[in-house]
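Count residues from 1 along the sequence.
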Amino acid sequence: MAYVIGLVWMTGAAFMTWKAAQLWRNATLVDFFLASFTVLPFGQEVRRGEVRSVGVTATSLWAITPLVFLGLLDAEMTGGQAAVVLMAVLIVLACMACEISIILFNVPARLVPPHMRSEPGTVVLWRARRARKKSLGFGRRVGMLRAYRRGMSAPRRTATAREARLSEGRASSHETGTSHFPPHL
């Protein structure tokens, strides 16, 4: 059974390597990979960064392969096997560091497919989105800061339509929380 599990692992690593090689040569596969990574609980920027680092992921899968086989075969750690384990662990850690760096900063560019090397990293995109929101004046803090700089008091928040209905007693049962059913039923 151990050999079957090891062969399944190697088949998965080979498949990942094949798909990474396809992505390296074909820019039209980016959308396919983005659709495949929708199970990740992160935003679009992180998923795109993960697509950029697929080659490094394939390398780390191959580095994990000797660890899987040594674990499945219950091998004792002699000098040669301990050296293999140490090298595999170091390669996996280096791949993890590179993968995080590629996702966040798109560096080192040589490990990124050529058609994705000019893309900004996730941190750059987050900062640009944050700066864009601040320049548009989103958020109460920005309004308070602008008012403070002008020497005025902070802008007052106006009541929403829901808050007005609640204060006048015209709210529906789902707005007051008295119903046991969700508002869409």
Side-chain angles (χ1 to χ4, degrees), residues 1-136 138-139 182 184:
M1 183 65 180
Y3 291 111
V4 173
I5 294 172
L7 288 175
V8 168
W9 179 268
M10 282 184 62
T11 304
F15 179 76
M16 187 69 166
T17 304
W18 174 61
K19 292 306 272 182
Q22 282 185 331
L23 176 67
W24 197 273
R25 291 184 294 246
N26 191 354
T28 59
L29 288 176
V30 172
D31 293 331
F32 168 76
F33 275 91
L34 284 174
S36 299
F37 289 154
T38 55
V39 296
L40 294 176
F42 308 111
Q44 182 72 16
E45 298 95 1
V46 175
R47 277 187 239 136
R48 192 153 184 96
E50 183 60 40
V51 170
R52 285 192 304 263
S53 68
V54 164
V56 178
T57 304
T59 304
S60 67
L61 286 176
W62 282 111
I64 293 171
T65 302
L67 299 175
V68 169
F69 273 106
L70 288 173
L72 289 173
L73 298 177
D74 244 356
E76 292 187 26
M77 290 295 140
T78 60
Q81 291 172 343
V84 168
V85 168
L86 179 65
M87 287 302 296
V89 168
L90 290 176
I91 291 171
V92 169
L93 291 175
C95 285
M96 286 175 55
C98 286
E99 190 167 354
I100 291 170
S101 176
I102 289 170
I103 291 170
L104 295 179
F105 307 107
N106 204 14
V107 172
R110 290 204 174 268
L111 301 178
V112 177
H115 53 86
M116 301 180 88
R117 289 180 183 166
S118 63
E119 292 181 4
T122 304
V123 172
V124 172
L125 294 172
W126 286 341
R127 286 184 176 176
R129 184 174 57 210
R130 188 173 179 196
R132 189 171 48 249
K133 282 183 178 181
K134 281 186 178 180
S135 71
L136 294 174
F138 285 103
H184 62 279

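The two residues Ser53 and Ile103 have their closest heavy-atom pair at OG-CG1, 4.1 Å. When all heavy atoms of Ala13 and Thr65 are compared, the pair lying nearest together is CB-OG1, 4.5 Å. Taking both residues in full, the closest heavy atoms of Pro120 and Val124 are given as CB-CG1, 3.8 Å, listed atom of the first, atom of the second, then distance. For the pair Thr11 and Leu7, the tightest heavy-atom approach, listed with the atom from each and the gap, is OG1-O, 2.7 Å.
Between the side chain of Asn106 and the main chain of Glu119, a donor-acceptor pair closer than 3.5 Å is present. Formation of a donor-acceptor pair under 3.5 Å by the Thr59 side chain with backbone atoms of Gly55 is found in this model. One N or O on the side chain of Arg47 and one on the backbone of Phe42 form a donor-acceptor pair closer than 3.5 Å. Formation of a donor-acceptor pair under 3.5 Å by the Arg117 side chain with backbone atoms of Val112 is found in this model. At distances below 3.5 Å, at least one donor-acceptor pair connects side-chain atoms of Ser101 with backbone N or O atoms of Val107.
At least one side-chain heavy atom of Phe33 sits less than 4.5 Å from a side-chain heavy atom of Lys19. Leu23 is not listed as a side-chain neighbour of Phe32, based on a closest heavy-atom distance of 4.5 Å or more. Leu73 has its side chain within reach of Tyr3: a pair of non-hydrogen atoms, C-beta onward, lies under 4.5 Å apart. Counting only heavy atoms from C-beta outward, the side chains of Thr122 and Arg52 approach each other to under 4.5 Å. You'll find the side chain of Leu72 stays beyond 4.5 Å of the side chain of Trp9, heavy atoms only. You'll find the side chain of Trp24 stays beyond 4.5 Å of the side chain of His115, heavy atoms only. Two residues are said to be in side-chain contact when any heavy atoms from C-beta on lie closer than 4.5 Å; Arg127 and Arg130 fail this criterion. Leu111 is listed as a side-chain neighbour of Ile102, based on a closest heavy-atom distance under 4.5 Å.
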Check against side-chain contact (heavy atoms from CB on, under 4.5 Å), Met96 and Val56: CA-CA 8 Å; Met96 286 175 55; Val56 178; over 6 Å; no
Verdict with supporting geometry, Phe15 and Leu61, side-chain contact (heavy atoms from CB on, under 4.5 Å): CA-CA 11 Å; Phe15 179 76; Leu61 286 176; over 6 Å; no
Walk me through whether Phe69 and Met10 qualify under side-chain contact (heavy atoms from CB on, under 4.5 Å). CA-CA 10 Å; Phe69 273 106; Met10 282 184 62; 3.4 Å; yes
Would Asp31 and Leu34 count as a side-chain contact (heavy atoms from CB on, under 4.5 Å) here? Give the steps. CA-CA 5 Å; Asp31 293 331; Leu34 284 174; 4.3 Å; yes
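Put simply, CG on Leu125 and CD on Gln44 are 10.5 Å apart, with the number rounded to the nearest 0.5 Å. Annotation: the span from Ile64 atom CD1 to Cys95 atom SG amounts to 8.5 Å, rounded to 0.5 Å.
Between the side chains of Ser60 and Glu99, no donor-acceptor pair is found at a separation under 3.5 Å.
Each of Val92, Ile91, Thr17 was evaluated against Trp62; a single residue qualifies, Thr17, per the side-chain contact (heavy atoms from CB on, under 4.5 Å) test.
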